[in-house]
Engineer: 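Pasting a structure here, questions to come.
Every chain is numbered from 1 and lettered A, B, ... according to where its sequence line falls, protein lines coming before strand lines.
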Amino acid sequence: MNVVVCAKQIPDPAAPPALDPERHTLVRDGKLILDDSDAYGVEMGLQLAGDDGEVTLVSMAPNGEVSGLRTALAMGAAKAILVSDEALRGTDALGTAKVLAKAIERVNPDLVIAATESTDGYTGTTPVQLAELLGLPSVTFAKKVTVEGGKVRVERQTEAGYDEVECPLPCVVTVTAGVVEPRYPSFKGIMAAKSKPVEQLTVADLGLSPDEVGFGGARQEIVSVVPAEERGAGEIVTDEGDAHERIIQFLEQLKLI
Amino acid sequence: MAIDTIWVLAEQQDGAPVPTALELLTQARAMAGTVKAVTWGGGAEGLAGTLGEYGAQVVYDLGDLGGKLPGPLVAAALAERVRSGDQPDAIFVPTTYDGRDIAGRLSARLDVPVLTNVVGLVEENGELRSEHAVFGGTQIVTARFTGARPGIFVIRAKSFPAESAGGGPASVETLTVPEVGAVSAASVQQRHVEERSGPKLDEADVVVSGGRGLGAAEHYALVEELARLLHGAAGASRAIVDAGWVPYSHQVGQTGKTVKPTLYIACGISGATQHLVGMKGAKHIIAINKDPEAPIFSVADLGIVGDVHKVLPKLIEALKARS
Ligand SMILES: Cc1cc2nc3c(=O)[nH]c(=O)nc-3n(C[C@H](O)[C@H](O)[C@H](O)COP(=O)(O)OP(=O)(O)OC[C@H]3O[C@@H](n4cnc5c(N)ncnc54)[C@H](O)[C@@H]3O)c2cc1C
Ligand SMILES: Cc1cc2nc3c(=O)[nH]c(=O)nc-3n(C[C@H](O)[C@H](O)[C@H](O)COP(=O)(O)OP(=O)(O)OC[C@H]3O[C@@H](n4cnc5c(N)ncnc54)[C@H](O)[C@@H]3O)c2cc1C
């Protein structure tokens, strides 16, 4: 089975994030890494593709960034498509979905995997927008995925527990963290990744018009960014064996006991 | 351009609208003259009373959808309605699993963008602007749509209070769900419901949450015991959900539940930004953590620098002695 895994490359979440002072978008100029959320998708894709299939990565990222893709290729993905173009600056979730959809159409996979939400933008809507644009069904919030007889079976998280959902291929599935344990790339994998093909495409290559993407295509804008009201730190007590008494007092003050 | 009409997606659970739907109706009726609720899953007549009470004049009902996942069908029905000329200024969608599916599909069908993770709404110059808490809630971003309406807003739980307006039941209108072909092929085979005792996590007055600092799955019993003694609900950080110690339904945070209890007690939780966004709205916060530098202390009214394995058993014992 051939699987496309959407692989977002993001600024290191450990570094303090910054917004562009003029347009208020996330600054993504430094080195980018594979979003942890997508490492689960890559692993899931590799397991489902099996020996007779392969995983193709699809990513949209600025400045021809491939560091994150190399990580996923080192895990075992066969090849990657990267869409990178100045015109994509400021693209919103729907625009991103349009770009990813055009790239995925070139591969014509049996299954598309994405994360339920990214770590940096976390709108969580891109994969479903993508599914609609591709004319595919989708199952979101998968915590377990198996494929059998041309159908995918998913345990889908719900408010109350989970649903067993069945869906014919091809389709889009979004996976949650913990769906599978991502492998660490082996040394051999890292070496092999260096020579795996990464096809680089522009907006024009995809047949999209520049005004469907970028700031213009977004049709939404940030009007202001202000610091949130701070929640001041309160009293700090170091436990000397009697801290529970202070908690009891606090509960009494709140009339909870 | 004024705001005349708002549609609110009123997802249901256990035969009642989810709390966020009532919060959104409350907010919608303060911003628009005409408020319509959208329901699916059957039993619309039974929901119309509550929906009317919270501000809906009309309920658009899509019927039971025959076990299909609602996303593509609800989106297609609403898109058709909008294209036929019945156009709201905004559509409010609760941040739920199905809500996000519907919003994404509807956005692609209508070719309009979505603003997600909304935590506040304001009206300015006759248009809606949404507020988003970013970077762990340290910054508030205000955003607006610049293109054609309707604006689709996916709004987080507990962003607004739910207040009854005391109105009568809404009138129910049935909308036909168009045939959409392959996109709606995903169907639910079976539902699994987890056992729960005590109040719901997102409705409880007291929430006691545990994190990786508990050390092992069996120590979560301390958290549950404390929650029980305080008539509260037990929550968790994602770290211990991913580790399989507790089911996902306990998770508090960006990808879990948003809670706004009177008191939140964080036990062995570091206070990562993604956790903080789900609980910072609590009226009071107590944190127990052995690391004095843990970020959770920056939001705690009472911070206990100590070992959960020492503090919790004593606290539980003291509470038991009082009851
Ligand atoms: C704080 C913040 C708030 C934002 N709010 C909004 C908003 O309300 N509405 C809006 O339209 N945009 C918003 N954006 C912009 C949005 O994040 C970007 O448009 C982004 O390109 C796509 O959305 P996402 O990261 O939120 O994706 P999500 O929908 O959260 O991503 C889910 C999954 O889709 C796949 N995916 C997403 N993007 C890519 C990619 N570039 N390459 C490969 N796979 C990908 C990945 O598997 C990813 O895990 C926001 C950005 C930030 C930083
Ligand atoms: C896209 C995305 C979404 C996420 N969504 C969520 C979410 O919804 N909810 C969420 O919670 N997280 C979420 N996370 C994960 C989050 O970033 C943190 O990894 C997680 O919250 C950490 O959980 P923790 O505090 O239990 O563990 P840790 O960060 O490991 O903290 C454990 C704490 O316990 C303390 N400790 C250790 N031993 C003891 C002891 N004996 N007594 C007292 N204290 C002790 C330590 O000092 C430490 O502070 C998300 C991450 C991403 C990338």
Engineer: When rounded to the nearest 0.5 angstrom, what is the spacing between NE2 in A:His244 and CD1 in B:Ile316?
Structural biologist: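 One finds 11.5 Å between NE2 of A:His244 and CD1 of B:Ile316.
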
Engineer: Would you mind checking which part of A:Leu26 comes under 4.5 Å of any heavy atom in chain B, side chain (CB onward), backbone (N, CA, C, O), both or neither?
Structural biologist: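 Only the side chain of A:Leu26 comes within 4.5 Å of chain B.
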
Engineer: Quick check for you: among B:Leu319, B:Thr96, B:Val206, which has the greatest number of heavy-atom pairs under 4.5 Å with chain A?
Structural biologist: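 Counting heavy-atom pairs under 4.5 Å, the top option is B:Leu319.
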
Engineer: In this structure, are over 12 heavy atoms from other groups packed under 6.0 Å from A:Lys151 atom NZ?
Structural biologist: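 Result for NZ/A:Lys151: open.
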
Engineer: What part of A:Thr116 gets closer than 4.5 Å to chain B, counting heavy atoms only: side chain, backbone, both or neither?
Structural biologist: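 For A:Thr116, backbone and side chain are both near chain B.
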
Engineer: Mind ranking A:Thr174, A:Leu130, A:Leu134, A:Thr158 by heavy-atom pairs under 4.5 Å with chain B and telling me who comes out on top?
Structural biologist: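 Between A:Thr174, A:Leu130, A:Leu134, A:Thr158, the count favours A:Thr158.
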
Engineer: Using a 4.5 angstrom heavy-atom cutoff, name the option from B:Arg109, B:Arg129, B:Gln254 with the most pairs to chain A.
Structural biologist: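 Highest number of pairs under 4.5 Å: B:Gln254.
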
Engineer: Looking only at heavy atoms, which two atoms of B:Val183 and A:Gly135 are closest? And how far apart?
Structural biologist: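 B:Val183 and A:Gly135 have their closest heavy atoms at CG1-C, 3.3 Å.
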
Engineer: Report, as yes or no, whether the 6.0 Å neighbourhood of atom NE2 on B:His192 holds more than 12 heavy atoms from other residues, nucleotides or ligands.
Structural biologist: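 Atom NE2 in B:His192 is crowded, with more than 12 foreign heavy atoms closer than 6.0 Å.
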
Engineer: Within the structure provided, determine whether A:Gln220 and B:Leu115 are in side-chain contact (heavy-atom separation under 4.5 Å).
Structural biologist: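 In contact.
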
Engineer: Between A:Glu245 and B:Lys314, does at least one N-O distance fall below 4.0 Å, as a salt bridge requires?
Structural biologist: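 The answer is no: the pair does not qualify as a salt bridge.
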
Engineer: If you count heavy-atom pairs under 4.5 Å with chain A, which of B:Leu315, B:Ile140, B:Thr116 comes out on top?
Structural biologist: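 Most heavy-atom pairs within the cutoff with chain A belong to B:Ile140.
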
Engineer: Pick one of side chain, backbone, both or neither for B:Asp242, based on which atoms fall under 4.5 Å of a heavy atom in chain A.
Structural biologist: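 Looking at B:Asp242, just its side chain touches chain A.
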
Engineer: Restricting to non-hydrogen atoms, name the atom on B:Arg100 and the atom on A:Val128 that form the minimum distance, rounded to 0.1 Å.
Structural biologist: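 For B:Arg100 versus A:Val128, the nearest heavy atoms are O-CG2, 4.5 Å.
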
Engineer: Quick check on the interface: out of A:Gly121, A:Ala131, A:Ala97, who has the most heavy-atom pairs with chain B under 4.5 Å?
Structural biologist: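 Option with the greatest count: A:Ala131.
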
Engineer: Let me confirm one number: the CD-CD distance from B:Gln190 to A:Glu164, rounded to the nearest 0.5 Å.
Structural biologist: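 One gets 5.0 Å once the value is rounded to the nearest 0.5 Å.
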
Engineer: Heavy-atom cut-off 4.5 Å, strictly under: side chain, backbone, both or neither for B:Leu230 against chain A?
Structural biologist: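 For B:Leu230, the contact with chain A is made by the side chain alone.
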
Engineer: Any side-chain heavy atom of B:Val114 within less than 4.5 Å of one from A:Leu94?
Structural biologist: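 Not in contact.
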
Engineer: In terms of heavy-atom proximity below 4.5 Å to chain A, should B:Ala133 be classed as side chain, backbone, both, or neither?
Structural biologist: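 The answer is the backbone of B:Ala133.
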
Engineer: Please rank A:Cys171, A:Cys167, A:Ala228, A:Gly161 by heavy-atom pairs under 4.5 Å with chain B and give me the top one.
Structural biologist: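 It is A:Ala228.
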
Engineer: Verify whether one side chain among B:Thr146 and A:Glu221 offers a donor that lies under 3.5 Å from an acceptor in the other.
Structural biologist: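 The criterion, which ignores hydrogens and geometry beyond distance, is not satisfied for A:Glu221 and B:Thr146.
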
Engineer: Run the numbers on B:Asp101 and A:Arg156 for salt bridge (charged side-chain N to carboxylate O under 4.0 Å, His left out), then give the verdict.
Structural biologist: CA-CA 13 Å; B:Asp101 280 7; A:Arg156 178 179 192 249; 3.1 Å; yes

Engineer: Do you know which of B:Ser187, B:Gly67, B:Ala143 has the most heavy-atom pairs with chain A at a distance under 4.5 angstrom?
Structural biologist: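 Greatest number of close heavy-atom pairs with chain A: B:Ser187.
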
Engineer: Quick one: are B:Gln139 and A:Leu19 in side-chain contact, heavy atoms under 4.5 Å?
Structural biologist: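 SC-SC contact between B:Gln139 and A:Leu19 ruled out.
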
Engineer: Please rank A:Ile222, A:Leu251, A:Thr125 by heavy-atom pairs under 4.5 Å with chain B and give me the top one.
Structural biologist: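 Ranked by contacts with chain B, first place is A:Ile222.
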
Engineer: Take B:Tyr248 and A:Lys143 through the side chain to side chain contact (heavy atoms under 4.5 Å, CB included) test and state the conclusion after the steps.
Structural biologist: CA-CA 10 Å; B:Tyr248 172 79; A:Lys143 46 185 226 142; 5.7 Å; no

Engineer: Quick one: does any side-chain atom of A:Asp239 pair with a main-chain N or O of B:Val311 as donor and acceptor, under 3.5 Å?
Structural biologist: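 Not a single qualifying donor-acceptor pair exists.
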
Engineer: For the atom pair CZ (A:Phe250) and CG (B:Leu263), what is the distance rounded to the nearest 0.5 Å?
Structural biologist: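 One finds 6.5 Å between CZ of A:Phe250 and CG of B:Leu263.
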
Engineer: State the OG1-CD distance between B:Thr255 and A:Glu117, to the nearest 0.5 angstrom.
Structural biologist: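 These two atoms lie 5.5 Å from each other.
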
Engineer: Chain A heavy atoms under 4.5 Å from B:Lys290: which part of the residue, side chain, backbone, both or neither?
Structural biologist: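 Contact with chain A is absent: no heavy atom of B:Lys290 under 4.5 Å.
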
Engineer: Does B:Ile288 reach the side chain of A:Ile247, with side-chain heavy atoms less than 4.5 Å apart?
Structural biologist: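 A side-chain contact exists here, since the closest heavy-atom pair is under 4.5 Å.
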
Engineer: Picking from A:Thr176, A:Asp92, A:Val154, A:Thr238, which has the most non-hydrogen pairs under 4.5 angstrom with chain B?
Structural biologist: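 Highest number of pairs under 4.5 Å: A:Thr238.
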
Engineer: Looking at B:Ser184, B:Ala186, B:Gly137, which makes the most heavy-atom pairs under 4.5 Å with chain A?
Structural biologist: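 With the most close heavy-atom pairs to chain A, the winner is B:Ala186.
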
Engineer: Please tell me if the side chains of B:His284 and A:Leu254 come closer than 4.5 Å, counting only heavy atoms from C-beta onward.
Structural biologist: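 Yes, their side chains come closer than 4.5 Å.
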
Engineer: Could you tell me if the side chain of A:Glu252 sits less than 4.5 Å from the side chain of B:Arg322, heavy atoms only?
Structural biologist: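 Yes; the side chains approach each other to less than 4.5 Å.
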
Engineer: Can you tell which of A:Ser224, A:Pro127, A:Ala177 has the highest number of heavy-atom pairs within less than 4.5 Å of chain B?
Structural biologist: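 Option with the greatest count: A:Ser224.
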
Engineer: At what distance, to the nearest 0.5 angstrom, does CD1 of A:Ile257 lie from NE2 of B:His231?
Structural biologist: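 It is 10.0 Å, given to the nearest 0.5 Å.
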
Engineer: Side chain, backbone, both or neither: which part of B:Gln13 has an atom under 4.5 Å from a heavy atom of chain A?
Structural biologist: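 Contact with chain A involves the side chain of B:Gln13 alone.
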
Engineer: Quick check for you: among B:Glu317, B:Lys257, B:His132, which has the greatest number of heavy-atom pairs under 4.5 Å with chain A?
Structural biologist: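 Looking at each of B:Glu317, B:Lys257, B:His132 in turn, B:Lys257 comes out on top.
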
Engineer: What orientation do A:Phe141 and B:Tyr97 show, parallel under 30°, tilted 30 to 60°, or perpendicular over 60°?
Structural biologist: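 A:Phe141 vs B:Tyr97 ring planes: perpendicular.
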
Engineer: Measuring heavy-atom distances to chain A, does B:Pro113 have an atom under 4.5 Å in its side chain, in its backbone, in both, or in neither?
Structural biologist: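 Both backbone and side chain of B:Pro113 come within 4.5 Å of chain A.
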
Engineer: At a 4.5 Å cut-off on heavy atoms, which part of B:Leu69 comes close to chain A: side chain, backbone, both, or neither?
Structural biologist: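 Side chain of B:Leu69 only, per the 4.5 Å heavy-atom cut-off to chain A.
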
Engineer: First locate atom CG of B:Asp111, then atom CD of A:Gln129, and finally report the distance between them rounded to the nearest 0.5 Å.
Structural biologist: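 It is 10.0 Å, given to the nearest 0.5 Å.
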
Engineer: Measure B:Ala300 against the heavy atoms of chain A and call it side chain, backbone, both or neither at under 4.5 Å.
Structural biologist: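 Just the backbone, heavy atoms under 4.5 Å.
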
Engineer: With the side chain counted from C-beta on, respond yes when B:Ser107 and A:Glu132 share a heavy-atom pair under 4.5 Å apart, and no when they do not.
Structural biologist: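 No, side chains not in contact.
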
Engineer: Are B:Asp205 and A:Leu256 close enough that some pair of their side-chain heavy atoms sits under 4.5 Å apart?
Structural biologist: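 Heavy-atom side-chain distance check passes, below 4.5 Å.
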
